Amino acid sequence: MNNSLIIGQYVPGNSIVHRLDPRTKITIIFFFVFIVFFANTLISYGILTIFALTSMITSRVPIRFILKGLTPVWFLIVFTFILHLFVTKEGTLIFHLSIFKFYSGGVIQGLAISVRFFLLILVTSLLTLTTTPIEITDAIEDMLHPLNKIKFPVHELALMMSISLRFIPTLMQETDKISKAQASRGVDFRTGPIKDRAKAVVPLLVPLFVSAFKRAEELAMAMEARGYHGGEGRTKLRELKIGKHDILIYILFAFVIAILFYTRSY
Amino acid sequence: MRKIIEFRNVSFRYEDEQPWVLKNLSFEIYENEWIAIIGHNGSGKSTIAKLLNGLLFPQEGEILIDGKQVNQDTIWDIRKDVGMVFQNPDNQFVGTTVQDDVAFGMENRGFPREDMIKRMEETLSAVGMQDYLLTEPHRLSGGQKQRVAIASVLAISPQVLILDEATAMLDPKGRTEIMQTVTDVQSENELSLITITHDLTEVVQADRVIVMNEGEIWREALPREIFSLKDQLREIGLDVPFITVLADELNQLGVPITQEPLNHEELLEELWTLHSKT
């Protein structure tokens, strides 16, 4: 099995964006996603684009990783743009081709929607590119902490997430092993009609599930032997800390919001 | 010497109506002692480990750890004193990285963060894994994972360390690694060590060996005495090490080997002294 296996899309690095508290990143992205829909003038779009691009550049994540994150949505962006060209009938007529009439409003609307899409995808993929899944888990556990009061099992949820993350590579290695073992016994996963190939998955899934359950049982016993008894009275090794950078970025972001609302037209 | 573990007439079975896995078992283990428990599959040796840690409870008899009886009320205290390393290296690795896994046991017991970092450095150096703090488990070999498991148990400073077939799933290199680590750990720390195995070569360094058969203690003796019982060991389904067989055959050919050799150095020593005498 390859050794370069990376869970999620995390690109290791040591930039300011990498070192920000994951809670800061999640909070800012949460609000960013909202305010993107409030932008409606050139300057307001400009300020958001500058913010997103600056974060991207300071993160020092190679461009190709970001483009890879955008691949599934390129189609959507182009499609909505074209749709707006044909459908929106506002503004002045700029081009006339037999039955098709293109209006300036369509171009502007189409561009605006495309930019929104682009910005949304850019900032959200920046989160997963610069934050390890376990940091995100820690942040979620911490941010959902108040829900403990209504008996929501926050700690258990976070533990489940981190154990899943821990076992993804193990189970992938196992799948690889079982599929080779079954292939050597004549199971064909690659050719034949879809129906046959779907059937061929059964001898792969059954042993995988059996072993996963066995693992779960042994893991539970090992955890108990090491004194695990729920989240009560537990301390944590991994620590989340709001630093200087976090405060700066919050202030900066507040400015961005202020300028956005000042420059947007009502 | 202080008694750390005491089994008093312990009987255990997994379910009613099923045959007893352990029958009226009594033995004692002392402070700083290295005990090897050996037996073939189904002899009840792993059940002993689970009883010691409160993962199972006996139907009859009682188990005392450092004077405390093992029952539902005391298990959390007992588990602070008794650390356990299991057979499968993958299925006992809880953390996403080495440091998270070593911290897991300490987190459960509410250690302050600074203590955790200090203990983590100490125990990982003790098993020679200090350079792997941030490594994920799928990048480690089986032997390395088991060393991390030993470190994470040592981190909570237990009085008793149990290795339940901890080398069974490893390759020969991993096996030597673990045995070396265990020997170092035992000599540097104040703790009683219980190694459970079906491999006779792993009992050589123990202070005392308990041989289990059919849920009962078959013999309790020094490693050398156990090695000399080769024919009987074979009868209860245990493999006798090559050196023991060799010494036996030499004896039959008329080479007088007086002391039962535990490893090849000892046999070599015996042979050359014999050679220089004649």
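Predicted model only: the values in this text are computed from it and were never measured.
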Go through Gly83(B), Pro158(B), Gly95(B), Ala149(B) and name the one with the most non-hydrogen pairs under 4.5 angstrom from chain A.
Gly95(B)
Taking the side chain as every heavy atom from C-beta outward, state whether Glu136(B) and Pro169(A) have any pair of such atoms under 4.5 Å apart.
no
Looking at Asp100(B), Asp90(B), Thr97(B), Asp101(B), which hits side-chain hydrogen bond (donor to acceptor under 3.5 Å, both in side chains) with Arg166(A)?
Asp90(B)
Does a sphere of radius 6.0 Å around NZ in Lys68(B) hold more than 12 heavy atoms from other residues, nucleotides or ligands, not counting ones at 6.0 Å or beyond?
yes
Spacing of Trp76(B) atom CH2 and Glu224(A) atom CD [to the nearest 0.5 Å]:
5.5 Å
Does Phe30(A), at its CZ atom, have more than 12 non-hydrogen atoms belonging to other residues, nucleotides or ligands within less than 6.0 Å?
no
CD (Glu135(A)) and OG1 (Thr96(B)) are apart, to the nearest 0.5 Å, by 10.5 Å
Are Leu219(A) and Gln92(B) side-chain neighbours, meaning at least one heavy-atom pair lies under 4.5 Å?
no
For chain B, find which of Lys214(A), Glu232(A), Arg215(A), Glu217(A) contributes the most heavy-atom pairs closer than 4.5 angstrom.
Arg215(A)
Quick check: are there more than 12 heavy atoms from other residues, nucleotides or ligands sitting under 6.0 Å from CZ of Arg60(A)?
no
Exceeds 12 heavy-atom contacts within 6.0 angstrom, atom NE2 of His145(A)
no
From Ile156(B) CD1 over to Arg226(A) CZ, what is the distance, rounded to the nearest 0.5 angstrom?
9.0 Å
Between Tyr228(A) and Phe104(B), what is the ring plane arrangement, given parallel below 30°, perpendicular above 60°, and tilted in between?
parallel
Does any backbone or side-chain atom of Met120(B) lie under 4.5 Å from a heavy atom of chain A? Answer side chain, backbone, both or neither.
side chain
Do Gln87(B) and Glu218(A) touch side chain to side chain, with heavy atoms closer than 4.5 Å?
no
Looking only at Asn53(B), Ile75(B), Val153(B), most heavy-atom pairs under 4.5 Å shared with chain A are made by Asn53(B)
Locate the shortest heavy-atom distance separating Ala222(A) from Phe86(B); write the atom from each residue and the value.
CA-CE1, 3.6 Å
Just to be sure I understand the criterion: a residue of residues 235-244 of chain A counts if one of its heavy atoms is under 4.5 Å from a heavy atom of chain B. Which ones qualify?
Thr235(A), Lys236(A), Leu237(A), Arg238(A), Glu239(A)
Any side-chain heavy atom of His138(B) within less than 4.5 Å of one from Met172(A)?
no
Heavy atoms from other residues, nucleotides or ligands near CZ of Phe31(A) exceed 12 (cutoff 6.0 Å)
no
State whether the number of non-hydrogen atoms from other residues, nucleotides or ligands found under 6.0 Å of Tyr132(B) atom OH is greater than 12.
no
Against chain A, label Lys50(B) side chain, backbone, both or neither, depending on which of its atoms sit under 4.5 Å from a heavy atom there.
side chain
